[in-house]
Amino acid sequence: MNNSIYDGLNDMQLKAVMHEDGPLLILAGAGSGKTRVITHRIAHLIASKHVEPWNILAVTFTNKAANEMRERVNNIVGYGAENVWISTFHSMCVRILRRFIESLGYNRNFSIYDTDDQRVVMKELIKQFNYDTKQINDRKALSYISSQKNDLITPESASEEAGRDFLLSRYTKLYSAYQERLKTSNALDFDDLIMKTVELFECDKEALDYYRRRFSYILVDEYQDTNTAQFRLLSYLSGANDPDSPHNLCVVGDDDQSIYKFRGANIYNILNFEKSFPGTEVIRLEQNYRSTGNILNAANNVIANNSMRKVKELWSDKPEGSPIKYIRYNSDFDEADGIASSIRTNINNGASYSEHAVLYRTNAQSRAIEESFIRMNIPYKIVGGLNFYSRKEIKDIIAYLKTIDNGSDDVAAKRIINVPKRGIGATTIGKISDHASMHGMSFYAALKDSKYIDGIGRSVGKLDSFVSMIEHYRALLKLEGYTVVRLINTILDDTGYLSELRLEGTDEAKARIENIEELISKAASFEETIDIPDGDDYSSLLSEFLENIALVADIDTVDPDSDVVLLMTLHSAKGLEFPNVYMCGLEENLFPSAMILYSNDPSDIEEERRLCYVGITRAKSNLTISCASRRMKNGEMQFNPPSRFISEIPRYLITEAPAPGHSQSFMKQEPANVPVRNTNNTPMSYKPYGSRNKKGNLFADNPYITKASSIKGSTASAPAYKPGDTVKHVKFGTGVVKSIEKKDDDYYISVDFENFGIRKMKSAFAKFF
DNA sequence: TGTATGGATATTTTT
DNA sequence: TATCCATACA
């Protein structure tokens, strides 16, 4: 046999690779070689057990992981890998639905709605129902719907559940209306892709049988991140309810790296796997091949503070390596500069940019770092944040393509009906919408009826020419074999979209043109990678292109060969590794985030801690952690103590580096945007947290949950309230004013809050309403 | 119908 | 701070 399949595997890895039939749970700690195990197991199945490649299904969460997996299998077996189904949950479901969705009453060329599309629909519905937007906003409604779908709860059962609960019953009404709207638009959102596939398997025996027979071996990566719907999907495919099925389901995951609860991930999928699949063999991979001893030690100590875990202790035979570097900067800008100059130093010592990554909790933090990098000429790429495909100009072009591909897609059609301006106004659009919903037809179909709609009158001509333009494009695609690239170019010319931007001539317009050019080159490279269909009908090419861009994650587009520093959230960093990692913004209220500190679910903090664990374990040789004494957040200055997670790392693993100019300059530098309050130049009353206390313990004075004071307004005027008044604070809620005292130029007000007790604050700072 | 303006609001993470 | 939305005005 081919020896190379088994070379270099440790005993546990080998055991997992060679496991015979039956359910298999691989608990793979960070850096323990889980991708290696999956790929080698696939290779083993093909080469040694003579399983046909097309009978194997491997599921991941990102395209990047899927592509890497395919490449690695290919390298091991050298043949057949292209026939293994290796794909993400979402693209697998699209593929299944494209074939069988008609049994659910949808059309096979359905659109995929992204978050923006969803919001457009939801905003319309909330308006239509006349709901108070203060009580119900689109984000909340959509996150409610998403969690229902992740748990496979239909609108019907949701509304039964909601009963007469005021808010909940409104949400469920929105849920069913939303679902109807998507159906008329022949569109599915991300969660639908999974849920509809499950529904398909429930109602279409033939479809289920087809895939059951096809996939005799199923492997799932990052299993800890699966939600209930995905679990059900896997159960169907692996014949969980069929006693005769061998249940050749192999799942790989790490409960300590479960960080997607907010997206519906159900940690019990992994914690209870053995119960769901009796006879499961459990294999633990506990040897870490990635990080130095110190880094691993730090990670183990942090995660040990969590209670709900599968027993597992990562170890490594690597040397201790350098200590973890910790710096508390004065400000987020100093932090950014500090990181940039540290990277610069490493580069001067021969390191390459791509050996570095900067990880943070929130996307907004990338801003300051980006600015420092630009100033210091450090090449970088920001992963995530504002997605390329969510830019306005890109969305516009895509909306054209979507309208051409699927005329029922109302969000797309409405987006472009008056872009570029065709003199079709809100009134006209409203009338067409009404007509459409009255007759249960799509917006685009209603456009064709415009001459029968009252009050449209003089717009009929404009609407008709819009319709014939779209029909014309369809014909180009079908009859003349237009590629996507040609189609986009034609649209840009015909509509004058591009010339309008050129005329504008601003920097912004130039950037938009560049983005459009990038879209065209993305389309071109897409067309290179797929088989051009026979004959002249290129419509399927367009559908595939649209599907492709709907399902790419930003991380998928990272070029592994380009020598740049990667900037990304801790979430995006999962599954990656770097020699040098900078984890920044380790502050209470930021990481762990303020949101979870006030949540009433105590397990939330454990998820934050897992996120911290994920971050630490990304580092191979050098880990630098940092925080800032003051930081601009949402346009206000915050002062946060260092994160509790820092104090969970044993002191002896850490070297503390002084922040540049810490002792002298902390007060000398006037914080940006903060009005000068002390005229006589005496130090202000607060001291930096984390400065050494008498015991010499770096962390002892780290008060958890210290609220950031918010600074706003510049002059202290007498407060408009008096003791005994009830006030409402933007963060602390309702409270009663206890006392007000004047000191220097400011008023100090102390308030007894219902939920937070007595708080004393400068009246100029406190936000009451 | 289109644009300008000011005020409110939000930011935790994303396939 | 940055974006979104409603309102006012051209």
Side-chain angles (χ1 to χ4, degrees), chain A residues 59-66 87-94 112-116 118-120 123 127 133-134 137-140 142-143 146 149-150 188-194 222 225-227 229-230 258-265 332 359-368 383-387 389-390 392 418 420-429 458-459 462 550-556 568-574 585 589-599 604 607-608 610-612 614-615 631-638 672-673 712 730-731 767 769:
Chain A
V59 195
T60 64
F61 275 87
T62 64
N63 295 297
K64 183 169 185 281
S87 81
T88 64
F89 270 104
H90 295 272
S91 42
M92 168 179 84
C93 288
V94 170
I112 299 168
Y113 274 7
D114 66 14
T115 317
D116 289 336
Q118 291 181 283
R119 292 188 67 182
V120 171
K123 276 181 188 153
K127 197 176 269 176
T133 46
K134 293 225 169 57
N137 68 29
D138 55 306
R139 285 158 180 280
K140 281 190 199 142
L142 286 169
S143 96
S146 174
K149 288 182 177 177
N150 289 331
L188 303 184
D189 64 23
F190 287 130
D191 301 315
D192 278 336
L193 294 178
I194 315 287
E222 306 281 14
D225 289 331
T226 52
N227 61 34
Q230 287 159 334
S258 160
I259 53 173
Y260 282 107
K261 187 177 150 202
F262 73 94
R263 213 165 73 186
D332 45 347
L359 310 182
Y360 36 76
R361 178 67 235 267
T362 65
N363 279 308
Q365 290 167 255
S366 66
R367 188 61 163 266
V383 180
L386 184 64
N387 187 286
Y389 293 103
S390 44
K392 182 188 174 299
N418 198 30
K421 306 260 177 303
R422 302 187 174 87
I424 302 170
T427 331
T428 311
I429 294 174
R458 76 177 77 132
S459 296
K462 299 172 194 160
L551 298 177
V552 287
D554 211 29
I555 190 78
D556 300 334
M568 67 189 115
T569 63
L570 290 152
H571 281 90
S572 312
K574 198 172 58 149
N589 296 310
L590 182 62
F591 187 34
S593 86
M595 208 76 150
I596 70 106
L597 290 182
Y598 298 116
S599 98
D604 281 354
E607 176 138 325
E608 290 286 292
R610 289 193 289 269
L611 198 52
C612 183
V614 167
R631 170 182 304 276
M632 262 326 224
K633 200 180 157 193
N634 297 348
E636 70 177 37
M637 186 65 79
Q638 291 208 337
N673 299 328
K712 229 167 204 182
V730 72
K731 276 169 189 156
K767 283 202 236 168
F769 57 95

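All chains are named by letter (A, B, ...) in the order of the sequence lines, taking the proteins before the strands, and each is independently numbered beginning at 1. Since the model is a prediction, treat every value here as computed from it, not as a measurement.
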Heavy-atom distance under 4.5 Å between the side chains of A:Leu611 and A:Arg361, does that happen here?
->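 Touching, per the 4.5 Å side-chain cut-off.
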
Pairwise 5' ranking along DNA chain B for A:Asn63 and A:Ser459, keeping only the more 5' one |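 The residue mapped nearer the 5' terminus is A:Ser459.
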
Between A:Ile596 and A:Asn418, who's closer to the 5' end of DNA chain B by nearest nucleotide?
->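 Counting from the 5' end, the first nearest nucleotide belongs to A:Asn418.
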
NA contact type, [X], heavy-atom cut-off 4.0 Å: base, sugar-phosphate, or nothing?
X        : value
A:Arg139 : sugar-phosphate
A:Thr362 : sugar-phosphate
A:Ser390 : nothing
A:Asn363 : sugar-phosphate

Separation of [X] atom [atom1] from [N] atom [atom2], in whole Å?
X        : N      : atom1 : atom2 : result
A:Lys633 : B:dT12 : NZ    : P     : 6 Å
A:Lys127 : C:dC4  : NZ    : P     : 14 Å
A:Asp554 : B:dT13 : CG    : C1'   : 14 Å
A:Lys123 : C:dC5  : NZ    : P     : 4 Å
A:Met595 : B:dA10 : CE    : C1'   : 10 Å
A:Tyr360 : B:dT14 : OH    : P     : 9 Å
A:Met637 : C:dT1  : CE    : P     : 10 Å
A:Asp138 : B:dA10 : CG    : C1'   : 12 Å

Nearest-nucleotide pick for [X], side chain only, options being [options]:
X        : options                : value
A:Asn137 : B:dT14, B:dA10, B:dT12 : B:dA10
A:Ala364 : C:dC5, B:dT12, B:dT11  : B:dT11
A:Phe262 : B:dT14, B:dT1, B:dG2   : B:dT14
A:Thr62  : B:dT15, C:dT1, B:dT14  : B:dT15
A:Lys421 : B:dG2, B:dT11, B:dT15  : B:dG2
A:Arg263 : B:dT14, B:dG2, B:dT12  : B:dT14
A:Thr569 : B:dT14, B:dT1, C:dT1   : B:dT14
A:Phe190 : B:dT15, B:dT14, C:dC5  : B:dT15

Phosphate-side-chain proximity, A:Thr427 and B:dT1, N/O vs OP1/OP2 below 4.0 Å =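 Yes.
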
Compare side-chain N and O positions of A:Arg367 against OP1 and OP2 of C:dA2 and report whether any pair is under 4.0 Å apart.
->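 Answer is yes, contact under 4.0 Å.
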
For A:Asp225 and A:Arg263, run salt bridge (Lys or Arg N to Asp or Glu O under 4.0 Å): C-alpha distance rounded to whole Å, both residues' side-chain angles, the deciding distance at 0.1 Å, then the answer.
-> CA-CA 9 Å; A:Asp225 289 331; A:Arg263 213 165 73 186; over 6 Å; no

For the base of C:dT1, is there a side-chain donor-acceptor partner from A:Asn634 under 3.5 Å away?
->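 Under the 3.5 Å cut-off, the side chain and the base do not form any donor-acceptor pair.
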
Whether A:Phe190 and A:His90 hold their rings parallel, tilted or perpendicular, with breakpoints at 30° and 60° =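 A:Phe190 vs A:His90 ring planes: perpendicular.
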
What class does the angle between the rings of A:Phe262 and A:His571 fall in, given that below 30° is parallel, 30 to 60° is tilted and above 60° is perpendicular?
->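 Perpendicular, since the angle between the ring planes exceeds 60°.
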
Under 6.0 Å from the CZ atom of A:Arg367, do we count more than 12 heavy atoms belonging to anything else shown?
->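 Check fails, neighbour count at 12 or below.
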
For the student: nearest non-hydrogen atoms of A:Leu570 and A:Gly615, plus distance =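 Scanning both residues completely, I find the closest heavy atoms to be CD2-CA, 3.6 Å.
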
For B:dT13 and C:dC4, measure between their P atoms and round to the nearest Å.
->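 Taking atom P in both B:dT13 and C:dC4, they lie 15 Å apart.
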
